[in-house]
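I have placed the structure first, in the form of C-alpha cells, so that the comments after it can refer back to it.
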Amino acid sequence: MKSFNSFQWFCIAYLICMYPLSGMAQAQREIRGKITDADSGESLAGVTVKAQLANGSTSTDVNGNYSIAMQPGDTLTVAFLGYVTQTVAVGTQSTINIALATDVSELGEVVVIGYGTQRKGDVTSAIASLKEADFTKGAMRDASELIRGKVAGLNITNGSGDPAATPNINLRGISSLQGNTAPLVLINGIPGEFNTVAPQEIESIDVLKDASAAAIYGTRGANGVILITTKQVDRDIPTTLDYSTYFSQTDFYKRADFVDAGQLRGLIQQGLLPESYDEGHTTDWLSEITRKGFIQNHNLNIKGGNSRSNYVGNFNYLGNDGVFVRSYNNELRLSFDVNHSMFDNRLKLNANILRGSRTGSALGDGEPFNQEIYRQALIRNPTERVIDDQGKWYETSLRESTNPVAMIQETDGIITNDWTRVTANATVSILDGWDAKLMLATDRRTRLEGYSETKQHASNTKNGLNGYASRGDGKSTTDYLEMTSTYSKTMDRHRLNALAGYSYQYHVNSGGFYTNSDFPTDKYSYHNMTTGAALLEGRATMGSNKDDDRLIGFFGRVSYGFDNRYNILASVRREGSSKFGVNNKWGTFPSLSLGWTISNEQFMQDIGFLTNLKLRGGYGVTGVIPNDSYLSQTLLTYEGNFYTNNQWIQGLVPVSNPNPDLRWEKSNEVNIGLDFSLFANRLSGSIDAYNKLTKDMLWDYTVPVPPYLYNRIKANVGEMQNQGIEVLLNATPVKKANFEWSASFTFSRNKNQLNSLSNDLFEVVGDYFNTGATAAPIQTYTHRLQVGKSVGNFFGLKAVDIDENGEWVIETADGTRKKISEATSDDDKQYLGNGIPAMSGGLTNTFRHKNIDLSVVITGEFDFQILNFQRMFYENPTIQYNMLNSAFDKVYGKATLNYPQAYVSHYIEDGDYLKVQNITIGYNLPTKTIKFLNSARIYAAGTNLFVFTDYKGLDPEIERRNQLTAGTDSRDKYPTYKTLTVGLNVTF
Amino acid sequence: MKKMMRNTFTLSAAVVVSAILSCTKLDESVYDSIIAESTELTSDDINNIVAPAYTSLRALYWGWHSYFDTQEESSDVIVTPIRLPRGGWDDGGVYRTMHMHTWDATQSHTRQLWSRCFAGINNANRAMYQLQQIDGLENLEIALDELRALRAFYYYILLDHFRNVPIVDRFDVPQGFLPEQNSADEVFAFVESELTEILPRLSEEQSAVTYGRMNKWAAKMVLAKLYLNAEIYIGTPKWENAMVQVDDIIDSKKFSLAANYKDPFITDNEGSVEQIFSIPFDEIYAKEFNYHMKTLHALSRQTFGIQAEPWGGSCAIPKFIDTYDSDDSRLDDTWLSGPQYSATGQPLILGNQPLDYTNRLTALTGSQENEGLRFIKYEIKQGSLAGLGNDVPFFRYTDALMIKAECLLRLNDAAGAASIVTSIRQRAFATTNPDKATVTGNQLTAGSRYVYGNYANGTMTSTEGGADIPYGGFLDELGWEFAGEHHRRQDLIRFGVFTTKSWFAHRPNGAHRVYFPIPQVQLDVNGNLQQNEGYN
C-alpha cells in the first residue's frame, strides 16, 4: 500500500457518515444559567455542561452563559479544565448559576500521554508536563529552548552557532550504540522535529520519560517521547489576533585567542619564530569573515469561533543572519487548524495544514557552513594580506592553507527545505464515553541544494578544478493512518479508561546529487550544470537513491483508578517493521505501572501541610529501529571497474551481509517515582529513579570474510545499562498580590555501563572497540568502549611530564614512564576521562512585581571531560600555521613544547560548567484604557550570557552529535553565540 | 434506535477489522540495489561476475596502508618520517612502526592487507560459484581455472605476509562455518598444487584479451616467486623449480627488455614489452594510484600541474641512495632530487628558500619537509589528477630474468648470473658510461655497498656496513632495478638482512618480523585463528 487505497477511503467516508445518528427528543425543558469563577466572579467561557439523563452536552459562550435541554430529575455536570467538577441535581428551577472552584491540587490538570490525555492525578509513570506558562519566554530558536533546564533528565544542548543547527537532545543516558539518541518528537501525534512548528504555536510539551509511558510508542520510544501539542480553541472566543516579534543581535560568546600580527612580530623579536613568518601586513582574519549576527522573528496568530466551529491560524517568520558573513537561515511557517463538531457533538472533524520552508546558506558543498573556512581564518598567518597587488586573493604555497575570505566570498549556494503536513481527524462519539477516532495524515518534505565555487576559489587556484558546482535534491513522503477507540467510564470511586488502536506508516525517501567542474564561466553558478567540461572528461559525478519502509502497530491501554488513591495502567504494543529480518519482523512492547496517592488515604488526612503525596512504579519495554532499510536481504550493486579487452566493466558486488535474524533492540526499564506537593502547592516536585537495561543492541559487527560476503553485518549484539535519578522541585517562596517569586529546579544523574558486546552468534574477543578520530596529522582514535565501562571514555596517552627537549613524557597504566616517541603501542594508552556529563541540572527563577517580570534560567553539566581539539592542534609552537597565544607557554612550567601535534591527556580538560542561559525582563503594559488592545508586553532578553567554568575552550556546552565519541570539542565548529533581544507581544 | 446503533456498530467493526487485516503486510520495495536471491545471472553477466575478483587487486596494491607500504616502508629504501615544522603525513605513527618493525596486531597495514586479500579470495570463490549456477555456460572451465589461478596469487601474498592463514576454496560454506587456520606448509602446498594443476590449461595469449588477467605467464611468475622464497616460507630451497618457471617465460619469446628503463612505468604503459602481469589503473575508472600525492611536497604540484595539492611524506632513505653508482641512470629515473621548478621553469620557493629535495634526513620523528628524495619511477604526466592512470607492472620481464640470475647464482653459476645482470645494466649505463654496465660473478657474490647502521642528522651514528651480506652485490642489483616495485622487503628477508641490520632509525627487532602478526580484528572474530609465533 503506497498510500491509502480506495478501500480505505471508503472506510473513512463510512466512519464519517454512519455514526452520528442519535438524539431523539422526549419530554424536555430548557435550563439556563451562568458559570463563573468562584474566586474572581469572572464568567467562564467554554465550560462543558452536561445533562445526564437527557444525554446532552453544551458549553458556555463568551459570557459564561449556557442553555441546555433537561429531563425531569436530571443532574447537571459542569466541568472545566483547572476547576473542580461540580454535579448539581436539577429541581424545578429554570435558571442554575454555578460558581466553579479552582482545582488547587492541580491534579485535575490534564497531561498528554500517548494517543490521549490523562488526569495528572492518575498518572502512574514518569511524565513531565509543561504548559505555556512554564515556558521560557524570549527569543527561542526552536521548541526545545522553551523547556530547556526544566525537565529533569532531558538534556538539551546547543553546541553550535550555525543558524541552521539543531539542538542535541538526550534523555536518560545512552541506551544505543547507533549514535543517534534523540527522543521521538510528536507534534499533535505525528512525528516531526523541534522546529517543525513555531514555538509561539505551542500549547504544551509533555515528555514521556520512562518506558512504562513510552512503551505505547514501541519501537521508537526507547529514547523517550516528547509530545508537542499546538494551541487549539475549544470554546467560544471572540476573534483574537496575537502579534509577537523580537529582534536579536548575536555575537560569538568567545573568540579563540590566536596570535595576532603584533604578537607574531613580538614572537619573532624574541627569536621564537623565524623572521620569514612576517609577511609585512596586518590582518585580523576572523574579523574579515565575521560580523554581528541579527535575528528577527514575527509571529501572527489568529483564532476565533465557538465550541462547535473554530479555527486557529498561525504565521511565523524567522530570519537569522549568522555571525559568519553570508551564513543565514530563514524560516517561514504557516499553519491552519479548523474544527467543527456536528450532530450534537457526536462527530468532531478537524483539519490541519502545516507548511514550512527553510532557506539557508550553503557555504560548503551541501552543507550550511564549511568549517574549513573558520579553520583557515584561525590558522592563517596574521601578517599576510587578504588581496595581492594584482587585486586577487592572496594565496601562499603552504600546504593545506587557503585564503578564508576567498573561500567564503567565492562560493554561492543555497539549501532549501520545504515541508507540508496535512492531517484530518474524525472523532465519533459512539456511546457516552466511547469514542472512535480516525486520523489520516501525510507529511511531504523536499530538499533542494545548490553550491558553486568560482575560478577564484582555492578549488581552482590551488587544485585546478576551474570552477565547481553541485546540485542535490531529496524528497521524503510519509503517510500515516491511525485508528483509535477510547472508552472512559467514571462510576462512584472507579475511573476506567481503555484505548485500542492501529497505526500504519509508510515512508519513501529518494534523492539525487551531482557535481561538475571546469566551467566556461562563473556566471552560471550551479544553474547550468551541463556546461562543465569535466562531465565530458568523466570527472563529473552523479548519484541517486531511493528506499522505503513500513511500520505497523497495534496497541492497547487500560487504566483504572480507584477512589483517587490507587491507579494502575497497562499497555501493550505489537509492532512490525519491514526493516527487520523475516524471522523477527514483529515485536511486542508491554508496560505496567501503578500509582498510590498516599495523601488521599484516611491516615494521612491529619497532615495538613501535605497537599499531595504519590508513589509511582512502572515497568515497560521499548525499542530501537535501525536507520537503514533492507538489512535482512543480500544486496548487490555495480561497483568498481575491471579492465578487460580495452574496456572497463563494472563489478557486481555485495554491499552488505543479510541478517534474517535481525530484530528489535529492546530496552527494559523500571521506574520508581514520588510526587509531592506541600504547603498548598507552594513547594512541589518529583523524584524518579530508573534502571534501564538495553538488550540486543544494533551494532555493525565485524565478521570474517570469508565466510561472510562483506566485512560488516548489522546484528543484535550486547547489553547496556543506564541507572539514574532525577529530581524536580517547584517552589513559590513568595506569593503576594504585587510580588511573586517562583523557582524550578531540576537535577539528574545517570550512570552508564556496557555490560556486554556479544551474543550467541557474535563475540568481540577483545571486549572493546575503538572509535572517534583525531584527523590528520595526528590520526588516531580518541575513544574506547569496553565491556564493564561507560560510553564516552577517552582512551589515549597520559602525558605526565615534558623532558628538556620539549618532548612529552607519558605514563602507561602500570606507572611506567617513557618518551612519547617510544610509545607506539596500544598498550601504552589508558583511560583518560569521560565526555558524557554524569550530572546535569537547571534552575529557573521567575520574579513578578506588579507588571514587571524577570526570569533567569541557569543550566549546568557536571562531572565530564572535554577533549579540546583547538588546543591539541594549535597550542603547539612547532606548527607553521598560526597558533594559540598559549602555544609558547611552558608545559608543566618546565619547557616549551617541541614535539609534533599529538593526542595526549594534556588536552583533556574538566568540562563542568554553570551557564546563565537566559535572562528575560518583561513589562506588561496597562491596556485597560485602550479598547482595541487586550494585552501588550515588551521584553528584553539575553541568552548564553555568562559561563562559570574552568574549561579553556570557547564554550563547554559542546556539540553532542555522536555519543560514542562524546566530549570532543571540534577545533573549527561554528562557535556558539550570545544574543541580546528586544521583543513585543500584543493581543488584539 | 438501539438496533440501528448495534447494526452500525457491527458493520463498522467489520469494516475496521477488514481494513486492519489488509494493512499488516510489511513488504518493502528495493529500488537502488539488486536483491541477490531474486536475481538470475546469465552468460551476459560473466564479466561483471569475474570483475570483483580482480578489482580487489587495486586496493590491495595502492589502497591506503597496503601492499606497497608493507614491502617498501618496512625496508631500507623508503621511509615516512614526521615532517617538521608542519607535521606532514604521519597517520598516527603507523609508518614509524613500519620502519622500526614495532608493529603489533592492531597495525593498520596488516589489517588492510589481510582483508583485501581475503576480499579478493572471497570474490573469486563467489564468482566461481555464480558462474557454476549459470546453465550451459560456455567455456566455464576456462573461467574457473583463471579464477583459481587468481586465488592462488592472493594466497601467495598472504603466505608472504602471514604464513599461517586459513584456506577457503569454496563460496557455499555451511551455516556457522568459520575458516580453520592452515600452516605455512599447507598454504605453500595449496598454491603450488593449484597452479601446477591448472597451468597447462591457462591461456598463453599475451594480448588485450588477457591484459591484467591471469594467463599462463602470470601464473608461472607466481609459482617462480613461490619457489624463489621457498626456503623462507617452508625451510626448503627450491631454486631449480623457480628457474624452470622463468625459463619457460624466457623461452616463450613473448617478452623482451624495454629500450628504456622508464618505459614500463610511463602513463600509457599498457603496451610495454616487459609486462607479464599488470594491475590496470585509470584516472577516471580506477583512481587508487595516489602515491605521487603521498611522496611529493605540496609545491611540486606546480612542477607536474597536478590538479590537487600533494601531502608530502614518504621519501628515500639516504644510505640507500648512496649505494647507486653516480652513472646509473636509474637513480634519476627513480628519484626526484635537487632544486625544483614549476612547469614553466620558475624556481619553487619554500618559505623564503628554493625547494630542494636533499639526500639527507634529520630524524624519523622530525625531518625537514624538503629532506629526502621522492619516488617518481612512475611517470607523473602534466595535469595529473589525484589518482594516476599508470598501470602497475606487477610482474615484468626483468623480474623473470633476475629470478633466473639469482637461481644461477645460488646454484653456483655466478658467471651465468653476471651475464644476465650485465645485460640488464646495459640499459642503465647506456647513455652515461656503458663500460660500467658489466659486472662479474664475484661482485654479485660479494657483500653489499649499503652502509648499514643508524643514521641521524645527516650522519651515521653507528656503522654496521653491508660487506658481510652473502650475495650482497646481487641484493644491491635488485635494489637498483626494482626500487619501489614491491620487492625490497621480500628480498631483504631472502638475503638475511631484514631482521639483522640497522638502517636510519631502524634497529633489528626480532626474527619473527619476517612475517606479520595475524590482525587482532581477525583473531577477535574467528576463534579458530592462533596468533603467529613471536606476536603473542
Side-chain angles (χ1 to χ4, degrees), chain A residues 8 11 14-15 18 21 24 276 397 399 462-464 483 502 504 538 545-550 552 576 578 585 629-630 633-637 640-646 648-653 702-707 711 764-766 777-780 821 824-826 878-880 900-901, chain B residues 1 4 8 12 15-16 19-20 23-24 26 28-37 47-49 51-52 54-55 82 84-88 90-93 97 102 104 106 115 118-119 122 168 173 177 208-209 212 280 284-286 298-299 307-309 312 351-352 365 521 523-526:
Chain A
Q8 269 125 10
C11 142
Y14 178 86
L15 283 168
M18 294 303 286
L21 304 163
M24 302 218 178
S276 60
S397 63
R399 185 172 62 90
K462 297 205 104 180
N463 287 337
M483 288 187 269
Y502 164 80
Y504 172 90
N545 63 287
K546 182 174 176 179
D547 58 82
D548 73 350
D549 68 89
R550 241 172 267 266
I552 293 173
S578 61
K585 281 203 188 297
S629 292
Y630 319 127
Q633 316 211 44
T634 313
L635 298 181
L636 303 177
T637 196
N641 295 302
F642 163 51
Y643 189 69
T644 187
N645 208 3
N646 297 320
W648 287 95
I649 305 277
Q650 286 186 302
L652 187 58
V653 292
T702 306
V703 287
V705 175
N711 62 5
V764 173
V765 175
I778 301 174
Q779 277 168 302
T780 182
S821 55
T824 53
S825 156
D826 262 17
T878 71
I879 57 173
Q880 206 172 21
Q901 293 150 319
Chain B
M1 190 190 90
M4 194 169 171
T8 310
S12 56
V15 168
V16 169
I20 286 171
C23 280
T24 54
L26 289 168
E28 54 189 0
S29 310
V30 182
Y31 297 96
D32 55 13
S33 289
I34 296 161
I35 302 175
E37 289 81 358
N47 275 334
N48 307 99
I49 292 168
Y54 278 102
T55 53
I82 293 182
L84 293 176
R86 294 177 200 172
D90 187 47
D91 281 10
T97 54
T102 51
D104 61 17
T106 62
S115 64
F118 273 107
N122 212 34
V168 183
V173 293
F177 167 84
V209 177
I284 302 298
Y285 289 99
L299 285 172
Q307 296 186 41
E309 189 174 58
N352 54 1
T365 50
V521 63
L523 295 173
D524 288 351
V525 297
N526 184 351

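Just so we're clear, the structure is a prediction, and the values are computed from it rather than from any experiment.
With a threshold of 4.5 angstrom between heavy atoms, V173(B) approaches chain A through side-chain atoms but not through N, CA, C or O. Of the two parts of D104(B), only the side chain, counted from C-beta on, holds a non-hydrogen atom closer than 4.5 Å to a non-hydrogen atom of chain A. Contact of L299(B) with chain A is made through the side chain alone, with heavy-atom distances under 4.5 Å. Interface remark: T365(B) contributes backbone and side-chain atoms alike to the contact with chain A (heavy atom separation under 4.5 Å). In this structure, chain A has a heavy atom under 4.5 Å from the side chain of V521(B), while its backbone stays farther away.
Atom CG of residue D32(B) and atom CG of residue N545(A) lie 5.5 Å apart, to the nearest 0.5 angstrom. Rounding to the nearest 0.5 angstrom, the gap separating the NZ atom in K546(A) from the OG atom in S29(B) is 8.0 Å. Interatomic distance, CD1 of I284(B) versus CH2 of W648(A), reported as 11.0 Å (0.5 Å rounding). Between the CG atom of D547(A) and the OH atom of Y31(B) there is a distance of 9.0 Å, given to the nearest 0.5 Å.
No side-chain donor-acceptor contact under 3.5 Å links N463(A) to the backbone of Q307(B). When atom types are taken as modelled, the side chain of N641(A) and the backbone of Y285(B) share a donor-acceptor pair closer than 3.5 angstrom. One N or O on the side chain of N48(B) and one on the backbone of Q650(A) form a donor-acceptor pair closer than 3.5 Å.
Contact between G651(A) and A51(B) at its shortest, heavy atoms only, is CA-CB, 3.5 Å. In plain terms, the two heavy atoms of T634(A) and E37(B) that are nearest each other are OG1-OE2, 2.7 Å. Of all heavy-atom pairs between T55(B) and G640(A), the closest is CG2-C, 4.1 Å. Closest heavy-atom contact between L26(B) and R550(A): CD2-O, 3.9 Å.
The side-chain heavy atoms of I34(B) and L635(A), taken from C-beta on, include no pair separated by under 4.5 Å. Under the 4.5 Å side-chain criterion, counting only non-hydrogen atoms from C-beta, F642(A) is not in contact with P280(B).
Side-chain N/O atoms of S629(A) and E28(B) include no donor and acceptor closer than 3.5 Å.
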side-chain contact (heavy atoms from CB on, under 4.5 Å) between V703(A) and V525(B), worked out: CA-CA 6 Å; V703(A) 287; V525(B) 297; 5.6 Å; no

